[in-house]
Structures are given as C-alpha cells and as structure tokens.
Amino acid sequence: MSFEGMWAELLPVGRDAGTGGYHRFAWTPPELECRAWFAGEARRRAMPVEHDRNGNMIAWWLPEDGTREGAVLTGSHLDSVPGGGAFDGPLGIVSAFAAVDLLRERGATPRRPIGIAAFAEEEGARFGVACLGSRLLAGAIDPARARSLTDADGRTFAEVLHGAGLDPEAIGPDDDLLGRVACYVELHVEQGRALAEPVGVASSIVPHGRWRFGFAGEGNHAGTTALADRRDPMVPFAGMVLAARDAAERNGTVATVGKVRVVPGGVNAIASSVTAWLDARGPADGAVRKTVEEVGAAAREAARPHGVAVELAEESYTEIVDFNLALRDRVVRTLGGAPVLPTGAGHDAGVLSARVPTAMLFVRNPTGVSHAPAEHAETADCLVGVEALAAVLDDLARG
Ligand code: HGY
Ligand code: MN
Ligand code: MN
Ligand code: MN
C-alpha cells in the first residue's frame, strides 16, 4: 500500500472531528487501533512482529539467511499528546513501511535486519513519563517506578500492561534486544520552522524535563469563607505560572505549564489541592536546572502567606543529546548533503542514543506547529522523506 494509502487509513483514528486534534493515549482504544494497524501493515509485508517485554513493537524485515544480529532499527511512536497533531510519531512509522516497500520494489536484499519500531507511551500523556517504552528498553527508568505510575483514572501502568497481556514484573532493560541493534534512525516531522528544505538531519536534542508541583491548601466554601481564613492553593499556583515565564526569560530557556489538576474543581468551592506540571527545556543543563530552581523558590514564596504547602518532584529529565557524529555524517552523505539542525523536542531516539548509535531525519513542517492540530507536512515533502529514509536504510543495511 502506498504512503498516501497508509496515511489515509491511519488519519481518522483517534481524531477529534471538532478540533482535528488527536487523542491516542497508550493502550486506550484509539492507540490500540493504531497498534492493530501496525500489525496489519507488518502482516501485509510478511514482516514478523516482535512484542518486547515493555510494550514496544518491532516489525522485522529479516535477511534471507535469517540473521537477527546487527539490525538497523527505524520507527517512532503511535501515541499522541492530548489534542496533538497527525504527524508527530506516525509519520516516522508510515514512512518506514513505505521505505521498505520502495527498497523491495528496487530489489534490495538487506544483509542486516531492518526493524520498524513503535515505541510505547512516547508522549507520556497517559502515565506522565515521556518515552516510557524506550526508557524501559534502554534501562533509563526504574521498572518498579514505572509499574507504579498511574493514569488520570488511578490505573497503574502495571495493571494496564497486565490487561494488555504483558507481565508487569518482566518490564525493564532488554540488553538482548539492544544487543541485536547496530543503530537506530528515526524520521520525525519537524517541530518548528527551521527547515527550508524538505528533509533535514538532527544534530542534537536540548536538555529537557518535566517536574510536578503539588500545592496543598484547604477546601472550603467559596461564599462563606473570609479571605483571611483561606488556604487557597490556586493563588500560589498562579504565582508559579507567572514565575515560570519570568525564569525562562531570565535564563534563556522555555518553560511551560500546560497541565493542571484542581481538586475538587467546583466553581463554588475553594480548591483543597492543585497539581501542576512544569516542562522546562533549554540550550544547557545548567540553565534548565536554574529555571526550575527559581520557579520552585517562587512557588514556595507565593505559598507561604497562604499557608499552602508546596511539593516539587522531578518526573523525567534528559540531558543534552548529541547524536552520534559518525552516523550523522554518514546519513548526510547518503542524502548528498542535508541541513543539520538541533531540536527542542524529545524523542525515543534521544533515549536510545545512550545505548546505540542514533540519528534522526526531520521532514519540513510549513506551519512549524506541533502538539496541536495545525501540525503539518506536505505530502510531497513526506515522499522526499520516504526516499531519504529508504536510501539511509539501504546504505546502513548493506553490511
Ligand atoms: O515532548 C516532546 O518534546 C516530544 O514531542 N515528545
Ligand atoms: Mn511529541
Ligand atoms: Mn514525537
Ligand atoms: Mn451549597
């Protein structure tokens, strides 16, 4: 099936007809439908699918001699942020299947296995930790902590894995699988507007992380509680949001508060608690750390007069990722030259780069918008991306 055909099949899955945004959270019906689509595309190509212990899937194009060592892995993720765009994740997977088709049409016979991966919970939209599937695979998160992560309904990752037919006690680093992988190349829609050409190559991922702020106050009646008697957690929460913007400007970073949970959430009830998440990223570890420290200090300062307690916990942090220079240069040469650019977005490639040589290809996004319905890539540019990925996979899988 052509790139356009696959894209048309996947496009409606998990899409909100009103906003055009996607809601494909790990192991919820829309994402399970995407997983079924993935298995169907693999079956259509007689590519056996490996389900690893961490909820990731890999469709394999094995060489005629059946070897499974020295694999060239590509792929991305199927899950989305709430209200996300169509391309972030799926573009890398659809392009990978289309690239395999191209190579087969041209009679390529790879001497190394080519795997197409769909990593679980890359956005962390359900369980709160980004790249959960690839972090577990790479040994970048404590399995016990992962098991206890909960979703908005209080279901644990362990329960959801069990419901998906996986053994929660088996999750964790998979050195056998990684030992079979020689390199990983992920194609992804550009999340920004730096690309003037259809395809670019990533140089690095900036340091980035997410922190959870808890504000504990006292629930009470909105109408009968005097201001002096209140311990309203919403007030220091508001201070924290403003402090995040100020700290980012001061430190040359970016800081975002995009998710907040208010309990009980009644119009006429003073909140008893507020939980808010800070996403902070920037050109250097120090600047990101300083941003978070300053926001933490400001939150505590704002909470004190209101008798509100503040808790701050780091949920995930990824230091700067400099992609493997030799692999990056080889990819640029294979493409006959391509712009090289950093990214402010995190990726499974960033996590895996700690374990195997990793590279990323970006496909131009004319809107520059991502994590929102306006995220876009022109079909013509996507097809250039497929050709580029096919050339890179062909080169790397030649042995
Ligand atoms: O959050 C990120 O940067 C990525 O898109 N998951
Ligand atoms: Mn994303
Ligand atoms: Mn992504
Ligand atoms: Mn009442």
Side-chain angles (χ1 to χ4, degrees), residues 35 38-39 41-42 45 47-78 89 92-93 95-97 99-100 103 108-122 130-141 143 166 170-188 201-202 204-205 318 321-331 334 346-361 388-399:
R35 284 173 175 262
F38 180 93
E41 289 307 315
R45 293 168 178 80
M47 295 173 78
V49 176
E50 177 176 359
H51 295 268
D52 81 351
R53 64 180 68 149
N54 296 306
N56 306 307
M57 302 185 291
I58 303 177
W60 288 108
W61 178 12
L62 297 173
E64 279 149 21
D65 67 6
T67 181
R68 300 182 73 89
E69 303 301 317
V72 177
L73 197 59
T74 184
S76 191
H77 58 96
L78 294 166
I93 291 177
S95 300
F97 279 119
V100 163
L103 292 177
T109 49
R111 280 209 283 278
R112 292 167 176 260
I114 291 176
I116 301 176
F119 290 108
E121 182 70 340
E122 190 273 350
C131 300
L132 185 55
S134 55
R135 281 181 197 272
L136 281 165
L137 168 62
I141 185 171
L166 291 164
I171 63 174
D174 192 337
D175 296 338
D176 165 64
L177 199 169
L178 283 176
R180 289 185 265 130
V181 174
C183 60
Y184 175 56
V185 180
E186 178 169 354
L187 180 144
H188 203 282
V201 177
S204 61
I205 298 179
T318 307
V321 170
D322 287 310
F323 286 113
N324 179 291
L325 207 50
L327 180 60
R328 186 189 95 186
D329 289 348
R330 180 169 175 177
V331 167
T334 303
H347 299 282
D348 293 309
V351 173
L352 290 178
S353 68
R355 298 294 307 272
V356 296
T358 299
M360 285 196 79
L361 296 177
L389 184 61
V392 167
L393 295 178
D394 188 33
D395 168 58
L396 293 171
R398 278 177 189 280

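With values rounded to the nearest 0.5 angstrom, Leu187 atom CG is found 9.5 Å from Leu393 atom CG. The line from CG of Leu103 to CD1 of Ile114 is 6.0 Å long, rounded to the nearest 0.5 Å. Here CG of Leu132 is found 11.0 Å from CD of Glu122. Values are rounded to the nearest 0.5 Å. If you take CG on Asp322 and OG on Ser204, they are separated by 5.5 Å, rounding to the nearest 0.5 Å. Here the straight-line distance linking atom CZ of Phe119 with atom CG of Leu352 works out to 4.5 Å at 0.5 Å rounding.
Contact of the Ile58 side chain with the Val49 side chain is not registered, since no non-hydrogen atoms from C-beta on lie closer than 4.5 Å. Side-chain contact between Pro63 and Thr109: absent, with no pair of heavy atoms (C-beta onward) separated by less than 4.5 Å. Contact check for Arg53 versus Asp174: side-chain heavy atoms found under the 4.5 Å cut-off. Counting heavy atoms from C-beta outward, Leu136 and Asn56 have side chains that stay 4.5 Å or more apart. Phe97 has its side chain out of reach of Thr74: every pair of non-hydrogen atoms, C-beta onward, lies at least 4.5 Å apart. In this structure the side chain of Val351 never reaches within 4.5 angstrom of the side chain of Val321, judged on heavy atoms.
Ser76 places no side-chain N or O within donor-acceptor distance of the main-chain N or O of Ile93, the cut-off being under 3.5 Å. Judged purely by atom type and a 3.5 angstrom limit, Asp394 has no side-chain atom pairing as donor or acceptor with the backbone of Ala397. Judged by distance alone, the side chain of Ser353 and the main-chain N or O of Gly350 form a donor-acceptor pair under 3.5 Å. Remark: the backbone N or O of Ile171 is not paired with any side-chain donor or acceptor of Asn54 at under 3.5 angstrom. Checking side-chain atoms of Arg135 against main-chain N and O of Ala130 turns up a donor-acceptor pair under 3.5 Å. Using modelled atom types, no side-chain atom of Arg45 and backbone atom of Ala59 make a donor-acceptor pair closer than 3.5 Å. With hydrogens and angles ignored, the 3.5 Å screen pairs no side-chain donor or acceptor of Arg112 with any backbone N or O of Val72.
Shown here for Asp52 and Leu137, the closest heavy-atom pair between the two residues is OD2-CD1, 4.3 Å. Pairing each heavy atom of Ala182 with each of Pro357, the nearest pair is O-CD, 3.3 Å. Closest non-hydrogen pair, Gly75 versus Ile116, comes out as CA-CG2, 4.4 Å. Taking each heavy atom of Arg68 and Arg180 in turn, the nearest pair found is O-CB, 3.4 Å. Across every non-hydrogen atom of Cys183 and Leu327, the tightest pair is CB-CD2, 4.1 Å. Leu178 and Ala138 make their closest contact through CD1-CA, 3.9 Å (heavy atoms, listed as atom of the first residue, atom of the second, distance).
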**Prompt:** For Leu396 and Arg330, what are the C-alpha separation, side-chain angles and deciding distance, and is it a side chain to side chain contact (heavy atoms under 4.5 Å, CB included)?
**Reply:** CA-CA 9 Å; Leu396 293 171; Arg330 180 169 175 177; 3.6 Å; yes
**Request:** Could you walk me through whether Met57 and Leu78 pass side chain to side chain contact (heavy atoms under 4.5 Å, CB included), step by step?
**Result:** CA-CA 11 Å; Met57 302 185 291; Leu78 294 166; 4.1 Å; yes
**Item:** Check against side-chain hydrogen bond (donor to acceptor under 3.5 Å, both in side chains), Arg355 and Ser134
**Value:** CA-CA 11 Å; Arg355 298 294 307 272; Ser134 55; over 6 Å; no
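Surrounding CD of Glu64 are at most 12 heavy atoms belonging to other residues, nucleotides or ligands under 6.0 Å away.
Salt bridge absent: Asp65 and Arg111 never bring a charged side-chain N and a carboxylate O closer than 4.0 Å.
For Ala349, the side-chain contact (heavy atoms from CB on, under 4.5 Å) partners two or more places apart in sequence, or in a different chain, are Tyr184, Glu186, Phe323, His347, Thr358, Met360.
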